[in-house]
Structures are given as C-alpha cells and as structure tokens.
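Notes for the one structure printed next.
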Amino acid sequence: MTVISNHMPTKELQALDAAHHMHPFTAANELEAIGARVITRASGVTLTDSEGNQILDAMSGLWCVNVGYGREELAQAALRQMRELPFYNTFFMTTHVPAIALATKLAELAPGDLNHVFFAGSGSEANDTNIRLVRHYWSEKGKPSKKVIIGRKNGYHGSTMGGASLGGMKSMHAQGGLPIPDIHHIDQPHWWAEGGDMTPEEFGLERARQLEAAILEIGEDRVAAFIGEPIQGAGGVIIPPSTYWPEIQRICDKYEILLIADEVICGFGRTGNWFGSQTVGIRPDIMTIAKGLTSGYVPMGGSLVSDEIARVIAENDFNHGYTYSGHPVAAAVALENLRIIEEEKLVERVREDVGPYLAAKWKALEAHPMVGEANSVGLMATLALTPNKATRAKFAGKEGAIGLRCRTRCFANGLVMRHVGDRMIIAPPLVISHAEIDTLVERAYRSVDEAYISAKADGLFV
Ligand SMILES: *Cc1c(COP(=O)(O)O)cnc(C)c1O
C-alpha cells in the first residue's frame with residue numbers, strides 16, 4: 001500500500017482527493033478538473049501549500065482559528081487530556097472535569113444570566129439543539145403551539161436539516177426539501193444591496209419591523225423564537241444599520257419571543273467584545289457558540305442558555321444529546337484556548353488596537369474605482385465590488401463572476417480572501433500584527449485592481 005504523505009507530488013494527492021473525498025459546497029467535476037489546493041502546514045496567520053507557497057489566511061480557516069495556527073499550548077492540552085481521559089459521555093448522570101470547568105468558564109464569560117451550556121459537536125448541531133430546546137421550553141410553559149422560529153433570508157446557521165432550515169440560503173433550501181416545517185424567514189438588514197433610497201437608519205427599522213409584521217401574521221401564540229447572527233458572516237459580512245438590533249430586541253420583548261443570537265462567528269473576540277451581542281447591544285436568551293470556542297483545533301459547539309429557560313425545562317428529561325456533547329478533549333482544548341484569549345488580551349486587542357488599525361487601512365480601499373463600500377467591525381470586514389458606486393449597481397452578467405475573479409487573483413497574490421457574490425470578505429486571526437495587516441490590505445488592493453483590469457478587458461465592466 002502507498003503511504004500518502006506530504007511528500008507525494010501534488011498531482012497525485014489531488015487525483016486521490018478527487019477520486020475519494022467528497023467536499024462540502026463543491027462541484028466534484030470542477031474540483032477534479034482544477035485540483036484542490038493542498039494545505040500542508042500553518043503557523044501564525046500563514047498557510048503553506050504542497051507547492052511551498054506561503055499564503056496569508058485572512059479567513060482564519062473558516063472564521064475559527066482566532067488564536068492563530070501552531071499554538072503548542074493547545075496541542076499539549078489535547079495530549080494531556082487524551083492520556084488522562086480521552087472520552088467519557090455526559091449522559092446518564094455522569095460528568096467529567098473538563099466539561100465542568102468549561103461550562104463554568106463559559107457561564108462566567110457570557111453576558112447576563114446565560115449561565116447554562118448544552119454542548120454539541122458543531123455550530124449546526126447546537127442550532128438543532130436550539131430548535132428542540134425552544135419548542136420544548138414553550139411546551140413546558142403550557143404553550144405547545146409556540147413552535148415557529150423566525151430567521152432571515154441569507155442568514156447562515158449551519159448545514160444540518162435544522163441549521164440549514166433556520167438559515168436563509170436559497171441554494172441550500174433548493175436541495176433536500178428544506179426548510180423543515182414551522183420555520184419562517186424575513187428579509188435581511190442589507191442596506192447596500194436592498195436599501196434603495198432609504199437612509200441606513202430608516203432601512204434598519206423597516207427590516208426589523210418585518211419581524212413584528214411576521215409575528216402578527218403568524219400569531220403571537222405560535223411564534224417561539226427569532227434567530228439571527230449579530231453580524232451576518234457567510235452571507236457576506238453584512239453589518240446592520242445601528243437602528244436594527246435595538247428594534248429587534250424591543251419586538252422580542254413586547255411579544256415574549258425568545259431571542260437566539262448565533263454567535264458562532266461573532267463570539268470569542270471577533271467583533272472586539274467577547275460576544276457580538278455585546279457589540280450590537282442585545283440581551284439574547286440563547287447564544288449559539290462554536291468555531292472560535294476552540295479556535296478550530298478540535299470540533300466543538302454549544303448553546304448558552306438563560307437561567308429562566310434552564311429552570312423551566314429542569315423538571316423533566318430533555319430527550320436530546322450527542323455522543324460527543326462535552327467531549328473531554330474538545331473541552332480541554334477550549335479551556336486552554338479561552339485562557340490564551342484572556343492572557344494575551346485578544347478581545348481588548350481587537351477592540352482597541354488591531355480592529356481600529358484594520359478599519360483605517362480597509363476604509364482606504366474605497367478609493368479604488370470598483371469598491372463601493374469598505375466596512376469592518378472588529379476583525380471582520382467586507383468590500384462591495386460595483387461598477388457604479390453612486391447607484392450601488394450590480395455587474396452585468398452572472399452575479400459573483402467579478403468576486404470569483406478577485407478571489408482567484410487573491411490566491412495568486414498569496415492571500416485567502418473569500419467572495420460572496422461580488423462582495424469580498426475577511427476575518428483574520430485575532431493575533432494578526434500591524435505589518436501583516438499592511439500586507440493583507442496591499443494584497444487585497446492589488447487583487448481587486450487586477451480583477452478590475454481583467455473585467456474591463458473582457459467587457460464585463462459595463
Ligand atoms: C459556521 C456557522 C455555523 C455552523 O457551524 P458548523 O460548526 O459548521 O456546523 C452556524 N452559524 C454560524 C453563524 C456560522 O458561521
């Protein structure tokens with residue numbers, strides 16, 4: 001049998017990959033034709049591929065490697081825990097120290113009375129938990145008809161049946177018969193694309209009030225919860241107008257609708273606070289966590305739940321759980337990751353140092369003729385590519401074609417920047433240095449400019 005290792009020629013690795021490995025959100029034929037990029041190692045904010053190229057990872061993997069790559073402490077934490085107790089479950093009146101310690105730590109970090117954690121293996125699983133949890137909660141409160149959960153178009157809450165249903169990604173709903181029953185979607189607070197002649201503030205209110213209209217239409221007695229990302233990530237780093245979240249909070253309070261903040265991206269320092277809910281000023285009843293919880297070194301997710309919800313469901317069994325709920329190795333790594341974030345003051349660093357530093361550099365990209373808006377919150381940032389800044393126009397032809405060109409140029413220039421349609425987004429590790437931000441922004445500018453020149457040459461820029 002051949003030993004498959006880093007030393008194999010890239011072409012052979014790519015052929016085996018295409019033959020046997022089914023990739024998420026990927027057309028297999030295209031993958032086979034092009035060949036996947038093989039990442040072999042990483043350190044700090046820099047990836048190395050099988051050809052020896054160094055690439056600045058401005059996406060923190062998939063929004064998760066908050067403390068950067070190559071942290072020996074996390075490897076040691078996993079090793080210690082694997083030696084001591086690699087696995088035990090938390091079902092049947094059993095527990096273990098890493099789960100106890102992590103739950104206690106999360107209760108301390110979480111705002112308000114979110115003092116209880118239900119662990120999952122991922123963000124998607126945690127959102128599935130949330131669906132069952134809020135329905136069970138209302139049922140225990142004697143209101144079993146409160147089942148409907150309202151999410152948003154172009155929101156992202158994961159890829160399981162439940163997570164993808166809560167999310168509002170049309171292309172996901174089109175496959176596999178989604179959404180599941182009793183999930184409803186309202187429009188997103190995406191002023192740049194959908195705000196028309198309204199001011200951002202007017203538009204924020206208009207979009208939030210769609211929640212009130214939906215509650216009135218569906219019936220207050222049928223609506224269980226509203227779910228949203230404080231700042232939409234996968235949808236394109238959509239930063240809502242300042243009026244949006246306070247109005248959502250008012251409506252949830254008025255109609256007694258539970259508010260679920262999906263903090264899978266915004267949590268653990270990304271926006272300059274421990275949680276995005278603090279940045280946008282809301283008081284959620286439940287927060288979904290994953291990604292930055294372990295900085296992606298091992299998979300883990302969870303639901304942080306209020307005292308009130310925990311109290312109401314305490315009487316009976318909650319018939320729900322995952323084999324890996326509270327996995328000891330994941331919990332040990334999460335704890336060590338949180339220790340690093342605290343010790344290195346990464347949350348404060350994002351708020352007071354690298355966040356403002358990136359914001360100033362990023363804003364300067366608006367000088368480019370194809371960049372309509374360049375905005376950021378903490379260390380997540382977005383660029384709208386447009387043929388006409390004044391009218392916020394879309395490109396002629398297929399949506400996303402220019403964004404894809406730009407992303408291709410980014411790879412060639414040693415930068416991972418993602419495109420969502422014709423919008424470019426970044427979310428670099430929280431440990432990124434000023435010099436690395438300079439490099440990031442310079443490569444981003446060069447890539448946008450190359451996409452602009454080639455699009456013009458091909459007559460796409462009309
Ligand atoms: C990534 C993501 C999820 C899903 O998390 P997985 O770990 O991929 O299941 C859920 N919500 C948000 C906001 C995300 O960004």
Side-chain angles (χ1 to χ4, degrees), residues 64 73-137 139-140 158 160 162-163 260-261 263-264 267-268 274-275 284-343:
C64 51
E73 309 95 303
L74 296 183
Q76 290 298 337
L79 180 66
R80 272 197 308 273
Q81 189 56 46
M82 279 200 191
R83 285 187 165 143
E84 194 167 297
L85 179 73
F87 178 76
Y88 203 74
N89 71 70
T90 53
F91 292 28
F92 318 129
M93 301 281 178
T94 310
T95 191
H96 48 68
V97 175
I100 299 169
L102 180 59
T104 306
K105 184 70 202 173
L106 288 168
E108 176 197 316
L109 291 174
D113 69 349
L114 302 179
N115 289 319
H116 313 267
V117 193
F118 195 100
F119 287 115
S122 67
S124 304
E125 284 182 9
N127 278 325
D128 277 30
T129 297
N130 292 339
I131 295 174
R132 300 197 57 211
L133 187 66
V134 301
R135 290 177 178 172
H136 178 52
Y137 164 80
S139 174
E140 293 284 278
T160 50
I260 309 171
E263 294 272 2
V264 170
F268 306 103
W274 274 96
F275 297 96
D285 302 286
I286 299 176
M287 296 197 313
T288 318
I289 54 174
K291 296 193 172 128
L293 169 62
T294 56
S295 283
Y297 279 58
V298 289
M300 185 177 232
S303 305
L304 274 159
V305 174
S306 71
D307 286 341
E308 155 75 2
I309 294 174
R311 185 186 59 76
V312 168
I313 68 163
E315 185 64 21
N316 295 303
D317 279 9
F318 179 34
N319 297 315
H320 176 78
Y322 308 105
T323 300
Y324 302 128
S325 285
H327 193 286
V329 176
V333 171
L335 270 169
E336 183 63 8
N337 176 59
L338 297 177
R339 191 194 63 73
I340 292 172
I341 294 175
E342 280 192 313
E343 187 173 295

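Only this structure's heavy atoms are used, side chains among them; waters, hydrogens and symmetry mates stay out.
- Between the side chain of Thr94 and the backbone N or O of Phe92 there is at least one donor-acceptor pair closer than 3.5 Å.
- Between the side chain of Thr90 and the backbone N or O of Ser325 there is at least one donor-acceptor pair closer than 3.5 Å.
- Salt-bridge check for Glu342 with Arg339: failed, with every basic side-chain N at 4.0 Å or more from each acidic carboxylate O.
- Using a 4.5 Å heavy-atom cutoff, the side chains of Ser122 and Pro299 are not in contact.
- Side-chain atoms of Asp285 and Glu308, non-hydrogen and from C-beta on, never get closer than 4.5 Å to each other.
- Contact of the Ile340 side chain with the Leu74 side chain is registered, since non-hydrogen atoms from C-beta on lie closer than 4.5 Å.
- The two atoms that bring Glu336 and Ala77 nearest to each other are CB-CB, 3.8 Å, heavy atoms only.
- Within the model, atoms CG of Leu133 and CD1 of Ile309 stand 6.0 Å from one another, a figure rounded to the nearest 0.5 Å.
- For the pair Asn337 and Leu293, the minimum side-chain heavy-atom distance is 4.5 Å or more.
- In this structure, the side chains of Ile289 and Leu106 come closer than 4.5 Å at one or more pairs of heavy atoms.
- The 12-atom threshold is not exceeded at OH of Tyr324, counting heavy atoms of other residues, nucleotides or ligands nearer than 6.0 Å.
- With rounding to the nearest 0.5 angstrom, the CG atom of Asn316 is 4.5 Å from the CD atom of Glu140.
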- Message: Before you tell me yes or no, could you show the steps for Lys291 and Phe268 under side-chain contact (heavy atoms from CB on, under 4.5 Å), namely the whole-Å CA-CA distance, both residues' side-chain angles and the distance that decides it to 0.1 Å?
- Response: CA-CA 9 Å; Lys291 296 193 172 128; Phe268 306 103; over 6 Å; no
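- Considering every non-hydrogen atom in both Ala126 and Ser303, the closest pair reads O-OG, 3.3 Å.
- Trp274 places a side-chain heavy atom less than 4.5 Å from the side chain of Leu338.
- Of all heavy-atom pairs between Ala290 and Gly123, the closest is CB-N, 3.5 Å.
- For the atom pair CG of Asn130 and CZ of Arg135, the computed distance is 11.5 Å after rounding to the nearest 0.5 Å.
- Panel note: side chain Thr104, backbone Ile100; a donor-acceptor pair is recorded below 3.5 Å.
- In this structure a side-chain-to-backbone donor-acceptor pair under 3.5 Å is present from Tyr322 to Glu125.
- Met300 approaches Leu102 most closely through the heavy-atom pair SD-CD2, 3.6 Å.
- Remark: Tyr88 OH to Thr95 OG1 distance equals 11.5 Å, nearest 0.5 Å.
- Remark: side-chain polar atoms of His96 are paired, donor with acceptor, to backbone N or O of Gly326 under 3.5 angstrom.
- Ala334 and Thr294 get closest at one heavy-atom pair: CB-CG2, 3.8 Å.
- Across all their heavy atoms, Asp317 and His136 have their closest contact at O-NE2, 4.1 Å.
- Every residue was checked against the salt bridge (Lys or Arg N to Asp or Glu O under 4.0 Å) condition with Glu315, not counting sequence neighbours, and none meets it.
- In this structure, the side chain of Ser306 does not engage the main chain of Asp113 through any donor-acceptor pair within 3.5 Å.
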